[in-house]
Amino acid sequence: MSEKFFDLSGQVALVTGTSRGLGQYLARALARAGADLILTSRKRDTLSEFEQEIRAMGRKVLSLELDVRDHASIQSMAQQAEAAFGQIHILVNNAGCNVRKPALDVTWEDWNLVLDTNLRGSFFVAQAVARGMIARGYGRIINIGSVTSVFGFAGLAPYGASRGGIRQLTMSLADDWGRHGVTVNCLAPGWFRTEQNKVLYEDPEWVAYITDRIPVKRPGQPHDLDGAVVFLASEESRYVTGQTLLVDGGISTGATRATVARK
Ligand SMILES: NC(=O)c1ccc[n+]([C@@H]2O[C@H](COP(=O)([O-])OP(=O)(O)OC[C@H]3O[C@@H](n4cnc5c(N)ncnc54)[C@H](OP(=O)(O)O)[C@@H]3O)[C@@H](O)[C@H]2O)c1
């Protein structure tokens with residue numbers, strides 16, 4: 001155990017979906033705390049700039065191709081990661097997508113895309129990585145959820161179902177793997193401006209609306225998840241498992257007032 005709190009030096013963290021957005025914020029925070037990094041994207045070349053940034057921080061880094069909708073891709077990625085680093089201590093299941101539509105317009109394909117990516121993908125990545133963690137008796141798994149893991153919002157039926165599933169999956173895996181030294185928690189961000197919800201943030205009316213409903217009076221900023229992800233990834237969270245930590249500026253305190261997903 002390190003003498004310093006929240007020190008991830010010598011640990012290896014795999015963060016899925018690091019070509020942009022929250023995946024980069026989370027990976028950057030883990031690297032700042034000392035972790036070496038495995039980055040993933042469906043297109044490996046989209047990771048090269050970010051890979052250089054992490055390397056410049058003095059960390060080892062490996063970029064791998066991963067499509068979480070493809071079981072063979074998941075298995076191959078996990079094997080390459082273990083072969084390169086020997087051990088993965090931390091997994092952040094971040095890769096995800098959304099289809100924002102009124103429930104009556106959701107197609108069979110929309111449903112499959114969102115559920116296969118967010119829920120099935122997260123499970124099989126966790127399974128592939130947990131084998132090594134369990135064999136070595138140590139692991140930290142952080143599944144990215146959302147405010148929709150806990151509350152319902154119009155326009156987000158498949159997404160909310162996938163994120164609610166992530167919360168439940170987190171509890172099941174925590175119960176299954178706790179005895180092997182592997183903790184599993186869900187980090188649930190509020191509203192952060194990224195590619196995924198760009199369309200919402202381009203509308204000043206929506207931004208004013210959502211800002212008013214967030215108790216701290218601003219949407220999430222890139223560093224707002226740093227403390228939570230480093231805590232859940234660290235030795236210091238050893239007695240925390242199966243939990244969902246909302247990092248949302250408090251919007252979940254009044255979530256039923258916020259009809260945010262009509263676009
Ligand atoms: N932004 C928010 O306010 C917010 C709030 C709560 C939760 N979240 C969740 O946080 C995660 C990141 O969100 P974001 O806003 O940063 O989204 P984003 O900008 O759209 O980034 C999504 C990431 O997921 C990867 N990805 C998508 N489909 C994939 C697949 N089939 N296989 C492998 N990787 C895939 C993408 O990689 P490639 O396209 O390069 O493969 C990309 O790196 C998502 O799970 C999202 O649902 C976001």
Side-chain angles (χ1 to χ4, degrees), residues 14-29 38-51 63-78 91-100 109 112-126 128 142-151 153 156 158-167 169-170 186-201 206-207 210-211 214 218-222 224-225 228-229 244-249 251-252 255 258 260-261 263:
L14 162 59
V15 184
T16 66
T18 30
S19 56
R20 55 181 187 265
L22 300 193
Q24 293 199 347
Y25 304 164
L26 297 163
R28 211 174 265 129
I38 299 159
L39 312 175
T40 80
S41 162
R42 282 167 294 181
K43 291 195 194 120
R44 202 170 140 184
D45 55 347
T46 61
L47 296 168
S48 52
E49 204 177 305
F50 189 54
E51 182 181 314
S63 294
L64 294 175
E65 222 157 82
L66 169 67
D67 183 345
V68 299
R69 297 180 73 205
D70 177 350
H71 195 210
S73 168
I74 292 173
Q75 289 176 310
S76 157
M77 182 280 303
L91 163 66
V92 182
N93 251 324
N94 166 79
C97 69
N98 192 3
V99 174
R100 201 177 286 108
E109 289 73 25
N112 285 344
L113 173 68
V114 175
L115 272 290
D116 290 358
T117 306
N118 296 356
L119 188 54
R120 188 181 67 184
S122 295
F123 171 70
F124 282 101
V125 172
I142 301 159
N143 294 320
I144 298 305
S146 147
V147 178
T148 65
S149 294
V150 185
F151 296 99
F153 294 96
L156 292 176
Y159 188 78
S162 74
R163 293 292 168 220
I166 283 286
R167 180 171 179 237
L169 176 68
T170 297
C186 172
L187 170 56
W191 271 264
F192 287 70
R193 183 181 183 147
T194 63
E195 191 66 29
Q196 198 178 94
N197 52 30
K198 197 169 75 180
V199 59
L200 294 173
Y201 283 91
W206 182 83
V207 174
I210 195 74
T211 303
I214 299 171
R218 62 172 179 81
Q221 299 292 327
D224 286 339
L225 300 169
V229 73
T244 293
L245 175 55
L246 286 144
V247 181
D248 64 354
I251 195 166
S252 48
V260 295
K263 285 189 177 270

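For ligands, and for the atoms within them, numbers begin at 1 and follow the listed sequence. Along the sequence shown, the residues carry numbers beginning at 1. Please read these numbers as outputs of a predicted model, since none were measured by experiment.
- Using bins of under 30°, 30° to 60° and over 60° for the plane-to-plane angle, the ring pair Tyr25/Phe192 lands in the tilted bin.
- The two residues Leu225 and Pro189 make their nearest non-hydrogen contact at CD2-CB, 4.0 Å.
- Every atom of ligand 1 is numbered from 1 in the order shown, and the set under 4.0 Å from a heavy atom of Trp191 is 3 (O).
- In terms of polar-atom proximity, defined here as any N/O pair under 3.5 Å, Arg163 does make such a contact with ligand 1.
- The distance criterion of under 3.5 Å between nitrogen or oxygen atoms is not met by Gly23 with respect to ligand 1.
- For ligand 1, none of its N or O atoms has an N or O atom of Lys43 under 3.5 Å away.
- The nearest heavy-atom contact from the protein to atom 6 (C) of ligand 1 is Pro189 O, 3.5 Å.
- Ligand 1 has an N or O atom lying under 3.5 Å from an N or O atom of Arg42, backbone or side chain.
- Looking at atom 21 (O) of ligand 1, its nearest protein heavy atom turns out to be Arg20 NE, 3.4 Å.
- Residue contacts with ligand 1 include Tyr159, since one of its heavy atoms falls under 4.0 Å from the ligand.
- Numbered from 1 in the order shown, with element, the atoms of ligand 1 that lie under 4.0 Å from a heavy atom of Ser19 read 36 (C), 37 (O), 38 (P), 40 (O), 42 (C), 43 (O).
- With Thr16 contributing its side chain and Asn93 its backbone, the two residues share no donor-acceptor pair below 3.5 Å.
- Near Gly145, meaning under 4.0 Å from one of its heavy atoms, ligand 1 places the atoms 6 (C), 7 (C).
- The closest protein non-hydrogen atom to atom 35 (C) of ligand 1 is Ala95 CB, 3.7 Å.
- Nearest approach of Tyr201 to Pro219, heavy atoms of both residues: OH-CB, 3.6 Å.
- Contacts with ligand 1 closer than 4.0 Å are made by side-chain heavy atoms of Thr194 only, the backbone lying farther away.
- Within ligand 1, the atoms closer than 4.0 Å to a non-hydrogen atom of Ile144 are 9 (C), 10 (O), numbered from 1 in the order shown.
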May I have the step-by-step check of side chain to side chain contact (heavy atoms under 4.5 Å, CB included) for Leu22 and Asn94, ending in yes or no? CA-CA 8 Å; Leu22 300 193; Asn94 166 79; 3.8 Å; yes

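- Under a 4.0 Å heavy-atom criterion, Thr18 is in contact with ligand 1.
- Listed here is the closest heavy atom pair of Leu246 and Ser146: CD2-O, 4.2 Å.
- Between the side chain of Arg163 and the main chain of Val147, no donor-acceptor pair closer than 3.5 Å is present.
- A donor-acceptor pair under 3.5 Å is absent between the side-chain atoms of Glu65 and the main chain of Thr40, judged by distance alone.
- Here Asn197 has side-chain heavy atoms under 4.0 Å from ligand 1, and that is the only part of it that gets that close.
- Listed by number with element, the atoms of ligand 1 under 4.0 Å from a non-hydrogen atom of Gly190 are 3 (O), 5 (C), 6 (C).
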Could you walk me through whether Ser41 and Thr46 satisfy the side chain to side chain donor-acceptor pair (under 3.5 Å) test, starting with their C-alpha distance in whole Å, then the side-chain angles of each, then the deciding distance to 0.1 Å, before giving a yes or no? CA-CA 7 Å; Ser41 162; Thr46 61; 3.0 Å; yes

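- Taking a 4.0 Å cut-off on heavy atoms, Arg193 fails to register as neighbouring ligand 1.
- When each atom of ligand 1 is checked for a heavy atom of Glu195 under 4.0 Å away, the hits are 19 (O).
- Between the side chain of Asn197 and the main chain of Thr194, a donor-acceptor pair closer than 3.5 Å is present.
- Checking side-chain atoms of Ser73 against main-chain N and O of Asp67 turns up a donor-acceptor pair under 3.5 Å.
- Ser76 contributes no side-chain N or O that, together with a main-chain N or O of Ala72, makes up a donor-acceptor pair within less than 3.5 Å.
- Annotation for ligand 1: atoms under 4.0 Å from non-hydrogen atoms of Gly21 are 16 (O).
- Put simply, no part of Gly121 is less than 4.0 Å from ligand 1, judged by heavy atoms.
- Of the possible donor and acceptor atoms, none in the side chain of Asp248 sits under 3.5 Å from a partner among the backbone N and O of Trp191.
- Shown in contact with Asn94 at under 4.0 Å from a heavy atom are these atoms of ligand 1, numbered in order with element: 10 (O), 11 (C), 12 (C), 44 (C), 45 (O).
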